[in-house]
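Keep in mind the model is a prediction, meaning the values are calculated, not measured. Heavy-atom basis, side chains included; hydrogens, waters and symmetry copies ignored. Reminder, nothing fancy here: chain letters follow the sequence lines and each chain counts from 1.
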Amino acid sequence: MAGLAAKFGSGAMTNSVAEISDNKALLVIGSNTTENHPIIGLRMKEAVRNGAQLIVADPRRIPLVKFATLWLRHMPGTDSVLLNALMHVIIREGWEDRTFIEKRTEGFDAFAEGLKQFTPEFAENITGVPADDIVSAARIYATAENAGIYYAMGITQHSFGTNNVHAVGNLAMVTGNLGKHGAGVNPLRGQNNVQGCCDVGCLPTDLPGYQKVADAKVREKFGKAWGRTLSSEPGLTASEMTEKMLAGTLKGLYIFGENPALSDPNMNHSIKAFENLDLLVVQDIFLTETAELADVVLPSASFAEKEGTFTNSERRVQRVRIALDPPGQAQSDLAIIKQVYRRIDPEGVSENATAESVFNELTALWPAMAGMSYERLETEGLQWPCPTDDHPGTPYLHRESFAREGGKALFTVVPHVLSKELPDEQYPFVLTTGRQLFHYHTGTMTRRSTGLDKISPAPYIELNPEDAASLGIEDTGLLTVTSRRGSIRLKARVSGIVPPRVVFIPFHYKEAAANRLTIDAMDPISKIMEAKVCAVRLEK
Amino acid sequence: MISLTIDNQPVEVEAGATVLEAARKLRIDIPTLCHDSRLKPHGACRLCIVEIAGMPKPVTSCTTPATEKMVVTTQSAHLNRLRKTTVELLLSDHPNDCMICIGSGDCKLQELAYRFNLRGSRFRGKMRAHDRIDENPFVQRDQNKCVLCGLCVRVCEEIQGVGAIGYANRGFESKITPPFEKELSCEFCGQCIAVCPTGALSGKLWVGYPRQQGLEKTETTCSYCGCGCNLTLHTYGKSIAKVTSRQDNHNRGWLCVKGRFGYEFVTSNERLTTPLIRRQKGGSLEPASWEEALDLVASRLLDIKSKHGPDAVGGLASARCTNEEGYLFQKMFRAGIGTNNVDHCARY
Ligand code: SF4
Ligand code: SF4
């Protein structure tokens with residue numbers, strides 16, 4: 001997010017899902033799309049049927065590999081080296097888009113200079129991808145008429161995730177794959193409303209619509225609209241909050257609709273932090289692991305029991321409607337927040353506020369959504385920017401200029417950095433974590449589905465047959481996995497999906513929570529944790 | 001553009017369009033069973049036959065490209081008779097138990113029988129008797145009701161890219177089944193159920209609910225991933241009877257297993273139904289009234305603020321909840337309490 005916004009002025013998916021079918025080439029990196037974004041995955045398969053060339057870059061043999069023209073199996077944590085090598089080749093071969101670079105970007109020379117060391121041979125050494133494949137991938141991507149890049153947590157969840165995102169953005173810029181149909185840089189959002197949550201200002205540095213807290217004019221605008229003077233003190237990110245809780249300076253925390261006690265990397269650490277609070281309020285539909293630690297638990301409504309809007313990965317704002325009554329005394333999150341807010345400041349929100357009136361308050365404060373109303377969203381969603389009542393919404397961004405000062409996209413030099421924790425003698429395996437198709441996040445919802453739990457009832461660790469043989473472990477045998485932070489025991493799934501020396505654990509299962517093992521090294525800019533790579537040891 | 005005439009009406013279509021598409025543009029009703037505009041034309045059911053001037057025999061309109069100056073007739077006594085016979089043949093090998101069939105009311109075969117006024121069939125003969133294959137946790141297969149339209153096989157192959165099911169056996173005994181009748185590669189997306197024109201494929205979770213009567217439909221958005229698929233929730237009283245998706249939306253009616261079948265959590269009896277308060281540190285969570293819980297939350301937050309300043313409190317919003325909730329939440333922290341300590345957990 002932070003990375004893309006710095007380059008393009010917006011961190012959202014630049015293009016639309018429907019355009020994927022028209023891609024001539026696709027690069028999918030750090031996204032197990034068919035399992036985590038299944039319907040976007042369908043579009044990718046359609047593009048391949050339409051003749052597109054698909055490059056998949058992933059350490060694991062993910063299902064999409066079956067459809068790929070080329071599979072780059074790089075070692076976890078070496079994404080930016082791989083990407084830099086692609087760009088090295090593109091410039092060496094003269095496949096770059098000179099016109100686009102000259103007219104629409106800045107910072108090219110320093111960036112190109114920074115690519116010098118990333119020869120395919122250098123990259124082969126680090127990533128494990130044959131130099132020839134790197135050259136082929138560069139050719140496919142750069143010479144296609146229009147090519148799209150798709151990535152997810154596999155790119156961002158590293159201590160240098162922002163670097164990775166910069167590298168992805170650079171690649172699209174070098175080849176002019178921006179501001180046109182069927183191309184772009186497309187971060188796929190993990191949860192249903194990550195996009196909306198950021199859009200509406202649930203970010204410590206941003207008020208609604210990415211208007212910066214640091215900007216005095218912005219504070220004045222919102223201060224006036226809300227009738228209060230706003231603090232200029234920058235807020236804490238989620239992971240910084242954990243630190244301050246441990247330090248004892250953050251004393252009260254209000255969480256709604258999330259289960260960080262299970263989803264946080266290095267969860268032992270987070271649990272300690274929660275226990276250190278004077279007040280922990282958790283608002284959720286289940287008594288989650290986090291709610292169990294709370295001082296006050298507020299029962300809320302599920303998506304089927306409330307009204308409002310979600311914004312999907314492609315910036316499409318869509319209605320959510322009431323189909324059922326919430327159980328017992330549970331209430332919608334909006335109703336609960338409203339009542340707490342009114343107790344804190346009765347002038348902050350009217351007693352009669354509805355989802356629609358709150359939506360209208362929001363759209364009045366952010367020009368990109370100013371043209372939206374519940375009425376317009378009645379039958380179909382709208383993609384922002386949608387500035388006026390008759391604006392049809394925007395399928396792809398940056399058509400004429402970028403939303404940065406000066407209107408140009410910024411090249412960034414991406415240095416060669418390594419994961420915080422690399423395998424060594426004591427912890428010889430690289431652990432990566434992720435989701436699988438049949439469960440969602442911490443499993444609070446999916447594990448309550450009888451069918452889903454039947455298909456995928458228990459935690460497991462994937463390991464390569466080679467490693468299984470040398471450890472003397474058989475499929476479904478039990479293994480203890482230990483990192484510097486903790487240890488869990490679970491069943492082995494012996495499979496060629498992972499390469500030798502790399503193991504994978506899905507993080508949905510609380511009985512063997514992968515996040516007891518992962519590291520909380522943080523990206524200095526995006527403050528995203530390094531959930532994707534850490535070193536572990538395996539024992540029978 | 002190509003101009004042609006259908007039932008004496010002129011129409012223009014893009015090059016490559018089929019006669020069926022041209023007729024649908026004129027809103028002319030041609031019956032089909034094996035057709036789905038999202039899939040490649042198949043021409044198996046032969047219900048969409050039309051007469052084309054200059055051609056000796058009727059042709060299937062779904063597979064025939066429209067050509068310049070073509071003259072098409074879609075309705076005639078002859079065509080009608082042929083179509084009726086086709087339906088009759090299908091019914092000859094169909095259990096005909098609409099009364100107790102899960103597909104009733106949402107079945108193309110039933111509609112066709114109604115349209116052609118067919119109760120039974122002149123051709124009653126040997127019926128196929130397939131065993132129910134019952135290993136799939138989500139997809140219910142009732143092979144006796146299969147009309148071999150191939151839609152499920154095609155959707156699984158063409159759209160889902162899985163190829164979990166195929167034709168087995170030939171001729172009369174032919175049936176649709178996963179390879180070796182085991183669920184090897186099925187992803188449980190339910191695309192096959194969505195396209196099945198009869199009650200042959202249905203959802204296991206649908207069983208026990210009414211088929212049509214008493215169901216209410218609500219259009220909404222999936223709450224799992226960032227694809228944001230459109231869902232139609234079919235509710236019955238306090239429960240969700242089934243989930244479908246409309247074809248005319250951005251996800252084109254396709255869903256994944258989570259969106260289509262992962263809804264039981266909504267009515268789980270583990271849902272929280274009352275506020276809970278831990279009245280003393282180390283104690284357990286006890287039920288409380290809303291008044292008590294809300295007063296406590298607000299007063300303790302204000303208390304911390306007055307003792308340690310606004311930045312001693314923080315809020316973590318949800319990437320799962322609505323825009324409106326997120327907006328009001330951050331406003332409460334910023335304008336109400338006076339801190340920018342508000343973030344969401346999706347960074348993790
Ligand atoms: S549920 Fe999906 S994957 Fe399984 S058979 Fe049906 S279409 Fe194929
Ligand atoms: S149905 Fe599946 S792909 Fe669609 S939004 Fe829901 S979880 Fe995502």
Side-chain angles (χ1 to χ4, degrees), chain A residues 38-39 45 189 191-192 194 196-197 200-202 204 226 228 231 235-238 241 251-258 260 279 281 295 297 299 302-304 308-310 312-313 318 320-321 323 327-329 333-334 337 339 341 343-345 348 355 358 362 440 445-446 448-449 451 454 528, chain B residues 137-138 161 218 220-221 223-229 233 235 251 256 262 264-266 268 271-278 293-294 297-298 300-301 304 312-330 332 334-336 338 340-348:
Chain A
I39 298 302
K45 295 175 193 169
R189 301 297 188 202
Q191 304 182 53
N192 62 320
V194 179
C197 192
V200 303
C202 291
W226 293 343
R228 293 287 176 271
S231 162
L236 301 171
T237 63
M241 285 185 203
K251 298 186 176 297
L253 185 71
Y254 186 160
I255 306 179
F256 86 104
E258 286 287 354
L279 172 70
V281 181
D295 300 290
V297 179
S302 77
F303 84 106
T309 54
F310 291 152
N312 78 357
S313 218
Q318 308 188 94
V320 176
R321 294 185 178 84
Q329 297 176 39
D333 292 283
L334 193 75
I337 296 164
Q339 294 168 80
Y341 195 173
R343 280 166 167 80
I344 288 171
D345 177 2
V358 174
L362 161 69
Y440 177 78
M445 286 152 54
T446 46
R448 285 182 171 85
S449 153
K454 199 162 139 195
I528 296 181
Chain B
F138 294 108
T218 309
T220 190
T221 307
S223 72
Y224 280 110
C225 86
C227 293
C229 297
L233 304 184
T235 50
N251 51 296
C256 80
E264 285 163 288
F265 77 91
V266 171
S268 156
R271 284 281 302 272
L272 288 168
T273 55
T274 159
L276 304 170
I277 289 179
R278 196 181 310 277
L294 293 167
V297 171
R300 297 277 305 273
L301 285 173
I304 295 173
V313 296
L316 282 178
S318 172
R320 322 287 330 283
C321 289
T322 66
N323 291 329
E324 293 75 0
E325 290 156 358
Y327 171 83
L328 197 62
F329 189 73
Q330 60 86 35
M332 173 171 81
R334 292 193 155 113
N340 287 309
N341 288 344
V342 50
D343 198 3
H344 61 90
C345 298
R347 284 170 192 265
Y348 293 128

remark   = Greatest number of non-hydrogen atom pairs under 4.5 angstrom with chain A, of B/Ala298, B/Gly336, B/Ala293, B/Ala335, falls to B/Ala335

message = Run the side chain to side chain donor-acceptor pair (under 3.5 Å) test on A/Arg189 and A/Asn312 for me, step by step, so that the C-alpha distance in whole Å, both residues' side-chain angles and the decisive distance to 0.1 Å come before the verdict.
response = CA-CA 8 Å; A/Arg189 301 297 188 202; A/Asn312 78 357; over 6 Å; no

ask   = Which atoms of B/Thr218 come close to chain A, meaning under 4.5 Å heavy atom to heavy atom: side chain ones, backbone ones, both, or neither?
value = side chain

ask   = Any sub-3.5 Å donor-acceptor pair from B/Tyr327's side-chain atoms to B/Thr322's backbone N or O?
value = no

query = Got a sec, which residues hit salt bridge (charged side-chain N to carboxylate O under 4.0 Å, His left out) with B/Glu324, two or more places apart in sequence or on another chain?
reply = none

key: Region of B/Leu233 that comes under 4.5 Å of a non-hydrogen atom in chain A   = side chain

task = Among B/Gly326, B/Cys321, B/Gly161, single out the residue with the greatest number of heavy-atom pairs under 4.5 Å to chain A.
result = B/Cys321

message = Checking A/Tyr254 now: which residues fulfil ring-ring contact (aromatic ring centres under 6.0 Å, His included) with it, not counting sequence neighbours?
response = B/Phe329

ask   = Do the side chain of B/Arg271 and the main chain of A/Pro327 share a donor and acceptor less than 3.5 angstrom apart?
value = no

inquiry  = So does B/Gly226 get a backbone contact from the side chain of A/Asn192, meaning a donor-acceptor N/O pair under 3.5 Å?
reply    = no

key: Heavy-atom proximity to chain A below 4.5 Å, by part of B/Thr274   = both

query = Based on non-hydrogen pairs under 4.5 Å, which of B/Leu276, B/Thr220, B/Asn251 is most in contact with chain A?
reply = B/Leu276

query = Do you know which of A/Ala355, A/Gly235, A/Pro299, A/Ser302 has the most heavy-atom pairs under 4.5 Å to chain B?
reply = A/Pro299

request  = Look at A/Gly252, A/Cys197, A/Gly328 and state which one has the largest set of heavy-atom pairs under 4.5 Å with chain B.
outcome  = A/Gly252

inquiry  = Less than 4.5 Å to any heavy atom of chain B: does that hold for the side chain of A/Lys251, its backbone, both, or neither?
reply    = both

ask   = Between A/Val281 and chain B, which part of the residue has a heavy atom less than 4.5 Å away: side chain, backbone, both or neither?
value = side chain

task = Return yes if some donor-acceptor pair links the side-chain N/O of B/Asn340 with the main-chain N/O of A/Pro204 below 3.5 Å, else return no.
result = no

remark   = If one checks every heavy atom of A/Arg228 against chain B at 4.5 Å, the contacting part turns out to be side chain

key: Residue part contacting chain A, namely of B/Leu294, when any heavy atom lies under 4.5 Å   = both

query = Can you tell me how far the CG atom of B/Leu316 sits from the CG atom of A/Leu236, to the nearest 0.5 Å?
reply = 10.0 Å

inquiry  = Only pairs of heavy atoms separated by less than 4.5 Å count here; which of B/Gly228, B/Ser268, B/Ala312 has the most with chain A?
reply    = B/Ala312

Donor on one side chain, acceptor on other, B/Asp343 and A/Thr237, under 3.5 Å = no

